[in-house]
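Only one structure is covered here, and it is reproduced in the block below.
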2 protein chains.
Amino acid sequence: MTFDRAGYDKYAYEPFAVTVDLAVLTVRDGALQVLLVERGQEPYAGHWALPGGFVEPHESAETAARRELAEETGLADVTGLHLEQLRTYSEPGRDPRMRVVSVAFTALLPHAPEPQAGTDAAQASWLPYDSAGPLAFDHDRILADAHERVGAKLEYTCLATAFCPPEFTLGELQRVYETVWGTTLDRPNFRRKVLATPGFVDPVPGGARLTGGRGKPAAVYRAGPATALHPPLLRPSREGRPA
Amino acid sequence: MTFDRAGYDKYAYEPFAVTVDLAVLTVRDGALQVLLVERGQEPYAGHWALPGGFVEPHESAETAARRELAEETGLADVTGLHLEQLRTYSEPGRDPRMRVVSVAFTALLPHAPEPQAGTDAAQASWLPYDSAGPLAFDHDRILADAHERVGAKLEYTCLATAFCPPEFTLGELQRVYETVWGTTLDRPNFRRKVLATPGFVDPVPGGARLTGGRGKPAAVYRAGPATALHPPLLRPSREGRPA
DNA sequence: CTGTTTATAGTCGTGATGACCATTAACAGG
DNA sequence: CCTGTTAATGGTCATCACGACTATAAACAG
């Protein structure tokens with residue numbers, strides 16, 4: 001225990017607060033939406049912010065993120081859903097009050113229940129990604145990073161099914177891609193690619209969903225066991241993309 | 001991140017130490033090597049560990065990582081080299097003494113000068129990735145994560161040039177891919193792909209390097225302005241890869 | 001019954017890719 | 001000097017993935 005005792009003391013009186021921030025995305029009403037809370041206190045009182053909170057002494061950042069997600073959304077089942085560490089934001093001054101290092105996570109939800117405001121927030125709500133105005137702190141950047149990450153992961157992983165309910169049609173899956181990427185895709189080609197990737201989606205034996213409305217009934221699929229896409233499903237018409 | 005004053009007080013007396021850990025990789029002697037330091041104190045005295053250290057109050061994790069890298073390697077020029085945030089490790093108990101949250105970074109070096117041991121370490125040295133035995137703390141996992149990340153980024157970015165000196169041959173570049181991936185690549189096909197990607201490498205006008213030994217002299221290239229690879233240069237013979 | 005909407009099933013040309021083969025230019029060693 | 005080895009470079013060829021496109025089927029709206 002001789003190791004770095006000086007370091008311990010040095011930083012003991014200038015501690016870092018460690019928090020998690022959550023960029024929770026869903027596809028609702030054909031639009032990419034993000035879970036936001038309205039801040040009740042200064043700074044940024046009245047501004048929207050990403051949900052999040054302190055990491056408690058006994059838990060990892062992942063555990064804290066999952067706990068906060070359950071608290072903020074009122075979801076009972078947060079064990080199975082997709083939660084991924086995005087990156088850590090540690091710029092001095094990102095919180096005007098004290099030194100806060102925040103580990104950001106991205107979560108994807110399929111059906112998107114209406115959230116109830118937690119204890120710390122004036123209200124919580126889903127807001128469209130595009131009209132999620134200036135957020136508190138550096139949350140605009142975190143949200144943009146999350147969007148970019150999710151968009152990139154759709155290309156080479158089976159992540160898109162995390163936006164879908166347990167059973168879905170290829171049209172719904174395609175709308176996920178189109179919504180996150182902000183593009184339109186050719187339906188037959190999308191279909192060909194998805195079905196050509198073994199383990200991406202599995203057909204539900206007896207199922208053909210009446211979409212409730214127009215069009216021919218679509219076959220129903222479930223998420224398959226695969227996690228990676230080979231070959232990838234690339235976004236159209238881009239020459240260079242960020243590294 | 002909707003904390004209030006109560007949160008401040010609650011965690012002020014149980015602070016988190018925030019550190020950075022560095023997975024510094026290079027290609028030397030045809031092998032992937034990693035920069036390690038031998039710990040001088042308990043715990044894990046005598047074990048190898050990734051270099052790293054505390055984030056100071058005034059600096060971001062990125063700044064701290066760059067500073068630690070300069071200190072550990074004795075490199076004067078750490079401004080231009082590739083440094084990327086890997087992820088943050090926050091499991092309780094990952095350091096037996098206290099609660100330490102560590103932001104891990106990956107750095108890639110081309111020529112690999114011999115490091116000099118810093119103040120905290122008994123010695124510092126390059127070790128082959130494969131024989132980097134059990135490391136201190138959870139550094140084995142961090143190192144494996146870094147390897148996987150770098151391998152994946154070679155596929156769709158121009159990152160490989162970060163392993164090469166300012167001027168290099170296509171053979172050297174190919175050896176980077178083969179070393180990191182642990183595979184062999186077809187030379188003409190590799191050549192075709194690299195040269196077909198505009199901005200990946202630029203030919204040096206007058207240059208043809210005598211490799212000092214066998215074989216026909218190779219043309220010399222510099223890293224080009226591109227950062228992304230379109231289409232990607234995929235690892236051979238893999239059905240599914242981790243997400 | 002007609003138009004609209006969506007799902008599904010193809011076709012076709014282009015281009016990327018993997019598996020090869022051939023040639024060139026250096027050196028090593030007899 | 002000649003020959004074998006090594007590495008760089010240039011090329012072929014069949015296969016396959018992909019984008020663009022057309023066609024058909026099955027539902028509903030009016």
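Protein chains get the first letters and strands the later ones, always in sequence-line order, with residue 1 at the start of each. Note that the structure is predicted; figures quoted are calculated from it, not measured. The analysis underlying the following values was restricted to heavy atoms, covering all of them including side chains, and did not include hydrogens, waters or symmetry mates.
Atom CG in Leu195(A) sits roughly 12 Å away from atom C1' in dA9(C) (whole-Å rounding). Atoms CD (Gln174(B)) and C1' (dT9(D)) sit 12 Å apart, rounded to a whole Å. One atom, CZ of Phe190(B), and another, P of dG11(D), lie 19 Å apart when rounded to the nearest Å. Following rounding to the nearest Å, Leu185(B) (CG) and dT9(D) (C1') show an atom-to-atom distance of 17 Å. In this structure, Arg214(A) atom CZ and dG3(C) atom P are separated by 15 Å, rounded to whole Å. Rounded to an integer number of Å, the gap from Tyr221(A) OH to dA7(C) P is 11 Å. Computed from coordinates, the Leu229(A) CG to dA17(D) P distance equals 13 Å when rounded to whole Å.
For the pair Arg175(A) and Pro231(B), both in contact range of DNA chain C, the more 5′-proximal nearest nucleotide belongs to Arg175(A).
Looking at every heavy atom in both residues, Asp21(B) comes nearest to Leu50(B) through OD1-O, 4.3 Å.
In this view, His147(B) and Tyr129(B) satisfy the ring pair (Phe, Tyr, Trp, His ring centres under 6.0 Å) rule, not counting sequence neighbours. Listed by chain and residue number, Val20(A), Val103(A), Phe105(A), Ser90(B) satisfy the side chain to side chain contact (heavy atoms under 4.5 Å, CB included) test with Ala61(A) (two or more places apart in sequence, or in another chain). Shown here are the side chain to side chain contact (heavy atoms under 4.5 Å, CB included) partners of Arg87(B), two or more places apart in sequence or in another chain: Glu62(A), Gln85(A), Tyr89(B), Arg141(B), Asp145(B). Contacts of Arg187(A) classified as side chain to side chain contact (heavy atoms under 4.5 Å, CB included), with partners at least two apart in sequence or in another chain: Gln174(A). Trp48(A) meets the ring pair (Phe, Tyr, Trp, His ring centres under 6.0 Å) test with no other residue; sequence neighbours excluded. Contacts of Tyr177(A) classified as ring pair (Phe, Tyr, Trp, His ring centres under 6.0 Å), with partners at least two apart in sequence or in another chain: Trp181(A), Phe190(A). Ser60(B) is linked by a side-chain hydrogen bond (donor to acceptor under 3.5 Å, both in side chains) to Thr63(B), counting only residues two or more places apart in sequence or in another chain.
With distances taken from any side-chain atom of Arg191(B) to the nucleotides dC18(D), dT9(D), dA28(C), the minimum falls on dT9(D).
Look at Lys193(A) and you'll find a side-chain N or O under 4.0 angstrom from OP1 or OP2 of dC18(D).
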Could you run down the sub-3.5 Å N/O contacts of the protein with nucleotides 1-4 of chain D?
none

Please write out the pairs of protein N or O atoms and N or O atoms of nucleotides 20-23 of chain C separated by less than 3.5 Å, giving the distance to one decimal.
from, atom 1, to, atom 2, distance (Å)
dC20(C), N4, Asp186(B), OD2, 3.4

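No engagement by Ala196(B) is indicated, since no non-hydrogen atom pair under 4.0 Å with the nucleic acid exists.
The backbone N or O of Ala160(A) lies less than 3.5 Å from no partner atom in the side chain of Lys153(A), so there is not a single donor-acceptor pair.
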